[in-house]
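Scroll down for the structure; my scribbles are underneath it.
All values below come from the heavy atoms of this structure, side chains included, with hydrogens, waters and symmetry mates left out. Each ligand, and each atom within it, is numbered from 1 in the order the structure gives. In this chain, residues are counted from 1 in sequence order.
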Amino acid sequence: MIEKLKQIVLKNKDRLFYVCDNECITYYDFWEKIKYYSYYLKRQGTGPVIVYGHKSVNMLISMFSCLLAKRTYVPIDISVPRKRIEDIIRITNADLFIKNEEIDNFKIETLKLDELVKYHDELEKESISKYVYIVFTSGSTGEPKGVPISNDNLENFINWISNLLYNNKKVNVLNTANFNFDLSVADMYYSLFNGHTLIAMDDLNYDSMFLRILKANVIVATPTFVKMCLLNPDFNDKNYNNLKTIYFCGEKLEVQIVKRIYERFSKIQIINAYGPTEATSAVCASIITKSMLNNNILPVGDVSSAATIITIKNNEIVLSGKSVFDGYLNSADGFFIDSGDKYYLTGDLGYIKDGLLYCSGRCDNQIKYKGYRIELEEIENVINRIDGIVDSCVVPKYNENGVVKYIKAYIVGNRQKDDILKFLKERLPLYMVPKSIEFLSKLPINENGKVDRKKLINL
Ligand code: AMP
């Protein structure tokens with residue numbers, strides 16, 4: 001992987017690797033910096049490294065310096081609350097914390113020049129660490145689950161996505177997700193390993209957002225993001241004529257949205273990709289043609305060209321093979337072993353028809369809200385830790401199209417709403433904090449003796 005990266009850098013020396021806010025960096029400068037800092041990182045230890053920051057050149061330099069130094073990086077966005085960061089440090093056993101604005105302070109004072117030259121010569125001959133990165137997803141036990149992704153997982157993904165998208169012609173790729181979400185793995189590694197230019201959406205600032213999109217040839221985003229773009233009537237092929245492809249992943253792509261995109265961009269290529277963080281960003285994808293828009297559900301992937309093995313077991317999508325991670329750092333969930341092979345149970349309900357995979361819902365209480373993955377039990381577990389709370393049930397509230405509008409918590413207990421919200425905001429990312437709280441004297445129970453979630457969803 002490192003040798004390949006070096007070849008790409010040599011071929012694209014003067015090309016911009018990354019553009020963000022008011023800063024940018026060429027492939028050559030990027031490579032020189034990560035070589036330098038990786039030397040420092042290698043001498044500091046061997047454990048995972050927390051890379052803390054947002055969208056900046058230094059954030060990328062920090063992550064890829066870890067890759068070169070054979071140290072697993074753990075990206076954490078500045079929006080993650082402090083107590084959750086403490087959980088992540090404990091779970092990963094990380095022994096170094098880099099604030100991305102500080103990486104420039106790394107000084108290799110004790111450096112012997114010949115040692116550095118030797119290090120650079122040897123660099124590409126060495127294999128990289130088993131786990132390249134660890135990202136965290138919502139966990140039903142009340143703490144986030146750490147997903148380590150190996151060098152083999154990632155290499156397999158890079159090959160798959162490079163075959164799917166442009167790999168000869170140079171393009172500008174728009175990164176919309178923060179680096180602690182695995183959607184960013186798709187744009188970042190696809191762009192870097194094909195010599196493209198990655199353009200960062202720094203923040204959801206409406207004006208700067210459209211300035212970035214103006215330059216993009218490929219957008220990598222959730223449907224939620226593109227729905228927001230469609231609110232702007234000027235978002236069409238007359239004004240945004242560079243835009244050639246939208247790669248969707250992460251949540252259900254509604255037929256209605258694709259119809260609206262085709263009305264504005266008649267020649268655009270729309271790709272609907274599917275996959276969980278546990279199987280390295282995405283495992284399959286379908287090109288959504290206009291003829292597919294007569295159905296009420298869109299395919300999420302062509303099984304024959306998938307990055308891994310996809311099967312259906314009891315209506316659930318099951319993944320095995322090269323894309324699938326080894327297991328969570330802090331949970332044994334999600335796997336079954338059959339004849340020595342390991343299978344990952346996605347929790348997604350689905351079926352395969354004419355070689356295409358369809359995703360039809362969930363068999364648990366995981367939801368997608370504004371593109372974010374949330375285990376509702378994680379929120380309940382945190383609420384139930386508050387003194388004076390007896391029980392709670394957190395449910396999604398849907399709009400008429402079946403899309404989650406907001407999250408609501410039904411709580412039995414004696415606490416002020418403000419105290420509860422303060423406690424939650426200290427521990428959960430903002431998108432997991434319920435918009436609305438209602439107190440009940442007891443939670444409704446269904447005929448199986450369980451909390452009647454359906455009743456609360458429709459209340
Ligand atoms: P994440 O780990 O955040 O990438 O979320 C993975 C989950 O997002 C999957 O297990 C699915 O429930 C959902 N998902 C991902 N891609 C799609 C898609 N194209 N259509 C429907 N659901 C999707």
Note: [X]-[Y] ion pair, threshold 4.0 Å (strictly below):
{"X": "Glu438", "Y": "Lys397", "value": "no"}
{"X": "Glu426", "Y": "Lys422", "value": "yes"}
{"X": "Arg84", "Y": "Glu378", "value": "yes"}

*asked:* I need the single residue from Lys368, Lys370, Glu254, Glu251 that forms a side chain to side chain contact (heavy atoms under 4.5 Å, CB included) with Val403. Which is it?
replied: Glu254
*Taking the non-hydrogen atoms of Ala282, is any one of them nearer than 4.0 angstrom to ligand 1?*
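Ala282: no contact with ligand 1 (<4.0 Å).
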*asked:* Using heavy atoms and a 4.0 Å limit, tell me yes or no: is Ala273 in contact with ligand 1?
replied: yes
Distance under 4.0 Å to a non-hydrogen atom of [X]: what atoms of ligand 1 satisfy this?
{"X": "Val300", "result": "18 (C), 19 (N), 20 (N)"}
{"X": "Asp182", "result": "4 (O)"}
{"X": "Arg362", "result": "10 (O), 12 (O)"}
{"X": "Thr277", "result": "1 (P), 2 (O), 3 (O), 4 (O)"}
{"X": "Lys252", "result": "20 (N), 21 (C), 22 (N)"}

*Residue among Tyr189, Tyr18, Tyr37 satisfying ring pair (Phe, Tyr, Trp, His ring centres under 6.0 Å) with Phe64*: Tyr189
*Nearest non-hydrogen atom to atom 12 (O) of ligand 1 belongs to which of Val135, Asp348, Leu253, Thr137?*
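Closest candidate by heavy-atom distance is Asp348.
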*From the options Ser360, Ala279, Gly250, Cys249, select the one whose nearest heavy atom is closest to atom 15 (C) of ligand 1.*
Gly250
Would you say the ring centers of [X] and [Y] fall short of 6.0 Å from each other?
{"X": "Phe265", "Y": "Tyr240", "result": "no"}
{"X": "Tyr358", "Y": "Tyr274", "result": "no"}
{"X": "Tyr52", "Y": "Phe97", "result": "yes"}

*Indicate yes or no: does an N/O atom of Asn272 lie under 3.5 Å from an N/O atom of ligand 1?*
yes
*asked:* Test your reading of the structure: does Gln366 have an N or O sitting under 3.5 Å from an N or O of ligand 1?
replied: no
*List the closest protein heavy-atom neighbour of atom 18 (C) of ligand 1: residue, atom name, distance to the nearest 0.1 Å.*
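That would be Glu251 O, 3.3 Å.
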_Looking at Arg264 and Phe235, would you say the former's side chain and the latter's main chain have a donor-acceptor pair under 3.5 Å?_
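Side chain of Arg264 to backbone of Phe235, a donor-acceptor pair under 3.5 Å: yes, one is there.
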*When you look for heavy atoms under 4.0 Å from ligand 1, do you find them on the side chain of Lys368, its backbone, both, or neither?*
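Answer for Lys368: side chain.
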